[in-house]
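Presented below is the structure to which this report refers.
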Amino acid sequence: MPEAYDQEGGVNQGRRFAAAIHRYRDPGAGDKMVPFAEQEAWENCQSGKATLKSGSRNKQASADYEFVFEDGIGFIKESIMDGVNLEDEMSSEKPDDSTAKNALQKLQEERKTLPIHPYRDELLQAIHDHQVMVIVGETGSGKTTQIPQYLHEAGYTKRGLVGCTQPRRVAAMSVAARVSQEMGVKLGHEVGYSIRFEDCSSEKTILKYMTDGMLLREFLSEPDLASYSVIMVDEGHERTLSTDILFGLVKDVTRFRKDLKLLISSATLDAKKFSDYFDSAPIFKIPGRRFPVTINFTKAPEADYIDAAIVTVLQIHVTQPPGDILVFLTGQEEIETIDEILKYRTRGFGTKIAELIICPIYANLPTELQAKIFEPTPDGARKVVLATNIAETSLTIDGIKYVVDPGFCKIKSYNPRTGVESLLINPISKASAMQRAGRSGRTGPGMCFRLYTAYNFQHDLDDNAVPEIQRTNLANVVLTLKSLGINDLVNFDFMDPPPSEALLEALGQLYALNALNSLGELTKIGRRMAEFPLDPMLSKMIVASEKYKCSEEAITIASMLSIGNSIFYRPKDKQVHADNARMNFHTGNVGDHIALLNVYNTWKETNYSTQWCYENYIQVRSMKRARDIRDQLEGLLERVEIEPTSNLSDLDAVKRAITSGFFHHSAKLQKTGAYRTLKKPQTVHIHPSSGLAEVLPRWVIYHELVLTTKEYMRQVTELKPEWLIEIAPHYYQMKDVEDASTTKMPRGKGLAAD
DNA sequence: GAGCACTGC
């Protein structure tokens with residue numbers, strides 16, 4: 001086994017997990033089937049047709065439960081996720097040779113073959129009878145495209161819009177496109193969608209698909225949702241930050257708007273919880289349409305999931321009938337490692353085995369390389385897709401018959417006490433494991449190979465992932481709710497309340513930013529800040545830039561910072577070139593914020609050239625996104641009546657604006673070469689990718705703290721300590737910036753000047 | 001001298 005991946009951090013995490021499996025494993029359960037009542041119930045429930053009797057099931061299982069590759073990893077066939085309405089699926093796949101029908105008629109007939117169709121009238125009656133309902137609609141049931149149309153047909157659109165929220169932009173767009181076809185209308189007319197940067201709706205629109213975040217923004221201007229007659233929150237089980245806030249808001253609106261209908265779609269496992277939260281709302285269940293998926297667990301725990309994944313892929317390739325393989329991995333590095341090892345290993349087979357086409361896919365992979373996974377697999381070859389969680393919900397790949405699931409993913413966590421973010425490898429949830437398995441049964445019967453034991457699935461995995469609202473910085477959530485006039489946040493009706501520590505921290509932060517007064521009410525500054533769809537520190541920087549006459553620079557920097565760390569592209573074989581290109585923007589040790597400003601302005605000077613991006617190792621996609629965000633912020637400047645002004649000749653003015661938003665994030669150099677944060681003291685370091693990593697200024701301000709191998713400040717700019725007193729006198733006193741060991745510090749100048 | 005799960009406004 002090559003050693004390359006042996007040193008990889010994720011593997012160590014995996015080992016720890018595997019060790020945990022060992023600890024928990026029942027020593028007698030090795031080769032026997034263990035009863036999994038809970039799991040069976042779960043999966044039967046999932047299938048929508050809980051008809052399998054346990055007796056016949058066991059008989060079937062004992063006949064062929066053991067699925068063992070020769071000389072490889074032993075798997076046990078543990079269960080089957082049933083396919084439902086398979087016959088319908090088969091018949092709808094048949095080409096329709098009646099040429100007389102026009103396209104619209106065909107679409108209307110297709111609608112009638114959807115699993116939801118027989119439930120139409122019953123569903124409409126239930127919606128008529130109840131104000132709030134939880135809809136459990138399995139994948140492929142047609143709930144997202146059909147329910148809004150049923151509501152329209154039943155007359156609900158006469159009283160107002162039917163709005164349907166989605167967690168992702170593409171989903172909102174593509175579903176709206178499909179529904180507009182089915183209704184035979186032009187997209188953007190009767191059927192439209194609304195997503196950030198793109199409003200494809202009009203006065204004619206009666207069915208509106210939108211991202212959940214977009215409905216949340218609409219709440220700010222229409223807190224009673226007066227223009228809607230029905231709101232359907234789709235994919236509620238995904239528990240995005242926006243849906244969780246929406247839940248609390250729409251639940252409240254239904255109390256005083258008895259004419260507003262509310263539909264929440266959830267997965268089977270959460271339905272009861274959703275129903276309880278919405279005052280015992282009835283649950284309406286619609287079966288889905290899916291092919292059966294056979295689930296295999298390893299007989300024994302695997303110590304190294306990277307190795308296990310590689311062996312499993314090769315075993316499938318050599319022993320199993322045609323069909324592509326999807327492997328779920330945690331990140332880019334893991335994907336690249338497995339890519340290399342698989343290439344190396346299959347080279348050894350020569351022409352003895354069929355060709356194995358390896359396709360990596362992750363969100364930061366340049367667009368042109370992402371396209372490869374959608375190319376059809378040539379006859380006689382097999383494709384193996386190495387994917388992150390992006391393949392769990394965000395994109396679907398046709399032709400996948402086998403899923404390999406090591407059972408891990410990276411999850412961002414946030415420590416409200418220290419403000420440190422980190423990205424850690426964690427075991428996935430049961431819900432996530434089922435979702436992954438389902439990716440193999442989209443176009444035919446599938447097989448899922450889990451690289452952990454059934455015991456481990458049952459006992460070590462949580463039912464659901466921790467919702468985002470419980471593991472994120474809440475400053476923006478709090479500002480949004482405050483601007484909706486919700487003052488008592490501690491008693492806000494969250495489905496799963498965030499830790500009170502995180503709420504208090506966010507309140508404190510907003511108070512320090514002068515967005516809230518001492519009574520916790522929104523100030524004029526706070527109201528202006530709430531207009532910007534940004535982290536409040538960035539919004540404050542923009543609002544403060546008015547005073548320093550540099551709003552143009554502030555919105556550029558805010559746009560670039562809100563992209564995250566995916567601006568610079570650093571290919572393995574050209575790291576030196578990429579680093580040199582990056583350092584060109586740091587001339588004069590201006591700091592990382594100004595460097596980002598330089599990147600954007602230089603790109604703008606090239607007329608937003610793609611070629612220029614390639615030459616400078618900059619991600620084109622990220623820059624285009626920065627431009628979209630900047631355009632939006634430019635429009636919002638006008639809304640809050642801030643003049644667009646540029647002050648490039650006075651970089652200190654720009655840095656003062658930055659300090660106005662980020663004064664919390666200050667740090668001072670120690671004799672050791674490390675830094676110490678001024679408030680909530682902790683030892684931190686300048687990230688090696690910073691332009692100031694070797695400059696080590698005495699005082700710095702940073703954008704964020706990330707924990708990787710050390711605690712690093714990412715995006716760092718030099719600071720004059722007197723700015724802290726000048727800008728945040730309520731937060732810093734002289735003693736904070738005085739320093740006995742730094743008598744040589746040129747104090748007074750900045751202070752006297754202002 | 002490091003390491004970037006994934007969304008969304």
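Owing to the predicted nature of the structure, the values given are computational and were not obtained by experimental measurement. All chains are named by letter (A, B, ...) in the order of the sequence lines, taking the proteins before the strands, and each is independently numbered beginning at 1.
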Interatomic distance where OH belongs to A:Tyr193 and P belongs to B:dG8 [whole Å]: 13 Å
Base, sugar-phosphate or nothing for A:Arg239? Non-hydrogen atoms, less than 4.0 Å. nothing
Output the single nucleotide from B:dC9, B:dT7, B:dA2 whose closest atom is nearest the side chain of A:Ile390. B:dT7
If the threshold is 4.0 Å, N to carboxylate O, is there a salt bridge linking A:Glu238 and A:Arg168? yes
Where the side chain of A:Ala363 is concerned, which of B:dA5, B:dC6, B:dC9 is the nearest nucleotide? B:dC6
Please check the phosphate of B:dT7 (OP1 and OP2 only) for any side-chain N or O of A:Thr240 closer than 4.0 Å. no
At under 4.0 Å between heavy atoms, what does A:Tyr362 touch on the DNA or RNA strands: base, sugar-phosphate, or nothing? sugar-phosphate
Using a 4.0 Å heavy-atom cut-off across all strands, classify A:Asp535 as base, sugar-phosphate, or nothing. nothing
For A:Glu421 and B:dC4, give me the distance from atom CD to atom C1', rounded to whole Å. 12 Å
Value in whole Å for how far the P atom of B:dT7 lies from CG of A:Asp234: 18 Å
Parallel under 30°, tilted from 30 to 60°, perpendicular over 60°: which one fits the rings of A:His665 and A:Phe662? tilted
For the side chain of A:Arg169, starting at C-beta, report the closest nucleotide among B:dC9, B:dA2, B:dA5. B:dC9
Look at A:Arg630 together with A:Glu552 and state whether they make a salt bridge at an N to O cut-off of under 4.0 Å. yes
Side chains of A:Gln166 and A:Tyr193: donor-acceptor distance under 3.5 Å anywhere? no
Are A:Ser242 and B:dC9 close enough that a side-chain N or O sits under 4.0 Å from OP1 or OP2? no
Between A:Gln435 (CD) and B:dT7 (P), how many Å, whole number? 14 Å
A:Lys710 side chain: which of B:dA2, B:dC4, B:dC9 is closest? B:dA2
Please report the distance, rounded to the nearest Å, between NZ in A:Lys410 and P in B:dT7. 15 Å
Side-chain atoms of A:Thr709 come closest, of B:dC9, B:dA5, B:dA2, to B:dA2
Protein-nucleotide distance (A:Asp592, atom CG; B:dA2, atom C1'), rounded to Å: 14 Å
What's the closest nucleotide to the side chain of A:Pro533 if the choices are B:dA5, B:dC9, B:dT7? B:dC9
Would you classify A:Leu216 as touching base, sugar-phosphate or nothing, given that sugar-phosphate means primed atoms plus P, OP1 and OP2, and contacts are heavy atoms under 4.0 Å? nothing
Among B:dC9, B:dA2, B:dC4, find the nucleotide with the atom closest to the side chain of A:Leu423. B:dC4
Check ion pair A:Asp496-A:Arg239 (N to O, under 4.0 angstrom): yes
Among B:dG1, B:dA5, B:dG8, which nucleotide has an atom closest to any side-chain atom of A:Arg168? B:dG8
Please confirm whether the shortest side-chain N or O distance from A:Arg570 to OP1 or OP2 of B:dA2 is below 4.0 Å. no
Does A:Arg196 put a side-chain nitrogen or oxygen below 4.0 Å from OP1 or OP2 of B:dT7? no
Residue whose closest nucleotide on DNA chain B lies nearer the 5' end, A:Gln632 versus A:Gly331: A:Gly331
Could you tell me how far apart A:Arg471 (CZ) and B:dT7 (C1') are, to the nearest whole angstrom? 11 Å
Just how far, in rounded Å, is C1' of B:dC6 from CD1 of A:Ile428? 15 Å
Over 60° means perpendicular and under 30° means parallel, so tell me whether A:His687 and A:Tyr712 are parallel, tilted or perpendicular. perpendicular
For A:Tyr712, which contact category applies under a 4.0 Å heavy-atom criterion: base, sugar-phosphate, or nothing? sugar-phosphate
